[in-house]
Amino acid sequence: MAINTSMKYVIMIVLVLLLGCVAYFFGESNQDNVAIRERTVESINWEKTYDSKSKHPYGTFFIRRIFDNGLEGHSVHDINVSVQSYFDSTEMQIKLDNVTYFFVGKSLNLYNNEVDSLLRFVDKGNTMFLAAEFLPNHLLKEIFYNYNDYNYYGYTNDSSISLSFEDSRFTGEYEIANEVKGKSKTKRWYNINYGIEYGFDGRTIGKAGYRPCYAEFKYGDGKILIHTIPQVFTNRYMSSESGKEYVETVLSYFSSSAILFDNYTHYAYDDGTMEIDHPENDFSRELNSL
């Protein structure tokens with residue numbers, strides 16, 4: 001009887017030791033997996049660089065590739081110099097009838113004379129596409145008839161926002177989230193403030209929530225397309241089916257043309273937090289005072 005009792009104690013001790021070992025090794029394994037995940041997330045560049053060569057979440061490699069391979073009726077050319085240098089040089093400019101200047105970034109930082117060069121380019125029958133949260137005052141005054149009376153933009157603070165199109169052929173809603181290091185973060189989603197209260201000379205193509213975020217403006221013989229949420233053109237959003245579908249619909253409003261992809265005008269970086277989202281931090285406003 002005593003032997004049986006002793007054996008029971010021995011068996012219990014062995015089981016406890018075995019369970020301890022199992023828990024230890026599994027715990028170590030889980031910790032290793034968590035550590036690997038954390039290192040992987042930390043190794044990703046989460047800044048919104050909008051760099052066409054970057055495959056990180058907020059680069060624009062995917063859309064640059066679409067222009068290269070999948071956009072029928074379009075060819076693509078890079079601008080790797082300043083807008084002023086490009087339009088001042090007759091040798092750099094491509095000689096085609098229909099051209100679209102394409103910019104995606106936090107802020108379009110151009111001097112007044114560079115804006116004038118782009119406007120002359122549009123006036124001749126070309127297209128300017130701008131996906132940015134902040135635009136030069138000189139440009140805004142040209143396309144918004146009452147810009148001096150009201151700010152052209154508004155915004156919504158949230159970690160995500162729903163996008164849609166005005167055209168009844170495109171009935172879906174597309175959600176975009178602000179993600180930094182794998183976590184959802186609140187940010188400012190900008191929109192065109194005029195579309196509800198004041199009206200504007202352009203045509204609303206798409207909305208963010210209830211406000212316009214994608215609009216078309218006629219200018220001379222050409223047109224200007226403005227999208228206030230550049231994040232939709234980044235790798236992170238376009239890696240999803242809904243994101244790819246949304247961007248393809250946006251691009252369907254382009255005329256068949258050569259695309260001038262501006263790789264140069266990217267001064268302002270965005271770390272995904274709200275600290276950089278204040279208009280007074282916009283470098284383009286300083287440029288307009290020069």
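The structure displayed is predicted, hence computed values, not measured ones.
When all heavy atoms of Asp68 and Val76 are compared, the closest pair comes out as OD1-CG1, 3.0 Å. For the residue pair Asp158 and Trp189, the shortest heavy atom distance occurs at O-NE1, 3.0 Å. In terms of heavy atoms, Ser257 sits closest to Thr100 at OG-OG1, 2.8 Å. Shown here for Ile66 and Met238, the closest heavy-atom pair between the two residues is CD1-CE, 3.2 Å. Here the shortest heavy-atom pairing between Ala208 and Cys213 reads N-SG, 3.6 Å. Smallest separation of non-hydrogen atoms from Pro230 and Ala131: CB-O, 3.4 Å.
Between Ile224 and Ile143, the closest side-chain pair of non-hydrogen atoms falls below 4.5 Å. Looking at heavy atoms from C-beta onward, Ile226 lies out of side-chain contact with Tyr214 at the 4.5 angstrom threshold. With a 4.5 Å cut-off on side-chain heavy atoms, Thr127 and Tyr101 do not count as touching. When side chains are defined from C-beta on, Val250 does not count as touching Val232, because their heavy atoms never get closer than 4.5 Å. For the pair Leu163 and Lys207, the minimum side-chain heavy-atom distance is 4.5 Å or more. Two residues are said to be in side-chain contact when any heavy atoms from C-beta on lie closer than 4.5 Å; Gln93 and Tyr86 meet this criterion. With contacts defined as side-chain heavy-atom distances shorter than 4.5 Å, the pair Phe61/His56 does not qualify. Side-chain contact between His227 and Phe233 is present, with heavy atoms from C-beta onward closer than 4.5 Å.
Atom CG in Leu140 sits 10.0 Å away from atom CD in Glu142 (nearest 0.5 Å). Glu166 contributes atom CD, which lies 10.0 Å from atom CD1 of Ile205 (distance to the nearest 0.5 angstrom). One distance of note links CG of Asn113 with NE2 of His138; it measures 8.5 Å at 0.5 Å rounding. Here OG1 of Thr234 is found 11.5 Å from CD1 of Ile229. Values are rounded to the nearest 0.5 Å. With values rounded to the nearest 0.5 angstrom, Ile161 atom CD1 is found 11.0 Å from Glu173 atom CD. Rounded to the nearest 0.5 Å, atoms CD (Glu133) and NZ (Lys106) are 3.5 Å apart.
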> Ser159 and Thr186: side chain to side chain donor-acceptor pair (under 3.5 Å), yes or no, with the steps?
Replying inline: CA-CA 4 Å; Ser159 59; Thr186 297; 5.3 Å; no
> side chain to side chain donor-acceptor pair (under 3.5 Å) between Gln231 and Glu179: does it pass, once the steps are laid out?
Replying inline: CA-CA 11 Å; Gln231 293 92 332; Glu179 188 176 355; over 6 Å; no
> Passes side chain to side chain contact (heavy atoms under 4.5 Å, CB included), Phe102 versus Leu260? Steps please.
Replying inline: CA-CA 6 Å; Phe102 183 89; Leu260 289 179; over 6 Å; no
> Between Tyr190 and Phe134, is a ring pair (Phe, Tyr, Trp, His ring centres under 6.0 Å) present by the stated rule, with each step listed?
Replying inline: CA-CA 9 Å; Tyr190 285 88; Phe134 300 111; 5.1 Å; yes
>> Set out, in order, the CA-CA distance, both residues' side-chain angles and the distance that settles side chain to side chain contact (heavy atoms under 4.5 Å, CB included) for Ile259 and His77, then state yes or no.
In response: CA-CA 6 Å; Ile259 305 293; His77 308 265; over 6 Å; no
>> Please evaluate residues Tyr50 and Tyr58 with respect to the criterion side chain to side chain contact (heavy atoms under 4.5 Å, CB included), reporting the C-alpha separation (whole Å), side-chain torsions for both, the decisive distance (0.1 Å), and the verdict.
In response: CA-CA 6 Å; Tyr50 303 103; Tyr58 293 112; 5.7 Å; no
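Ring geometry, Tyr253 versus Phe165: the interplanar angle falls under 30°, so the pair is classed parallel (tilted spans 30 to 60°). In this structure, Phe129 and Phe254 have tilted ring planes: the angle between them lies in the 30° to 60° band.
Ser240 contributes a side-chain N or O that, together with a main-chain N or O of Tyr237, makes up a donor-acceptor pair within less than 3.5 Å.
Every pair passing salt bridge (Lys or Arg N to Asp or Glu O under 4.0 Å) that includes a residue from residues 74-90 is listed here, sequence neighbours excluded: Arg64-Asp78.
Checked for salt-bridge contact, Arg169 and Asp167 meet the test: a charged N lies under 4.0 Å from a carboxylate O.
The closest side-chain donor-acceptor pair between Ser85 and Ser82 falls under 3.5 angstrom. Using modelled atom types and a 3.5 Å distance limit, the side chains of Tyr174 and Glu245 yield a donor-acceptor pair. Asn109 and Ser107 share a donor-acceptor pair across their side chains, judged by distance under 3.5 Å alone.
Cation-pi check for Arg188 over Tyr155 is met; the charged atom lies under 6.0 angstrom from the ring centroid and within 45 degrees of its normal.
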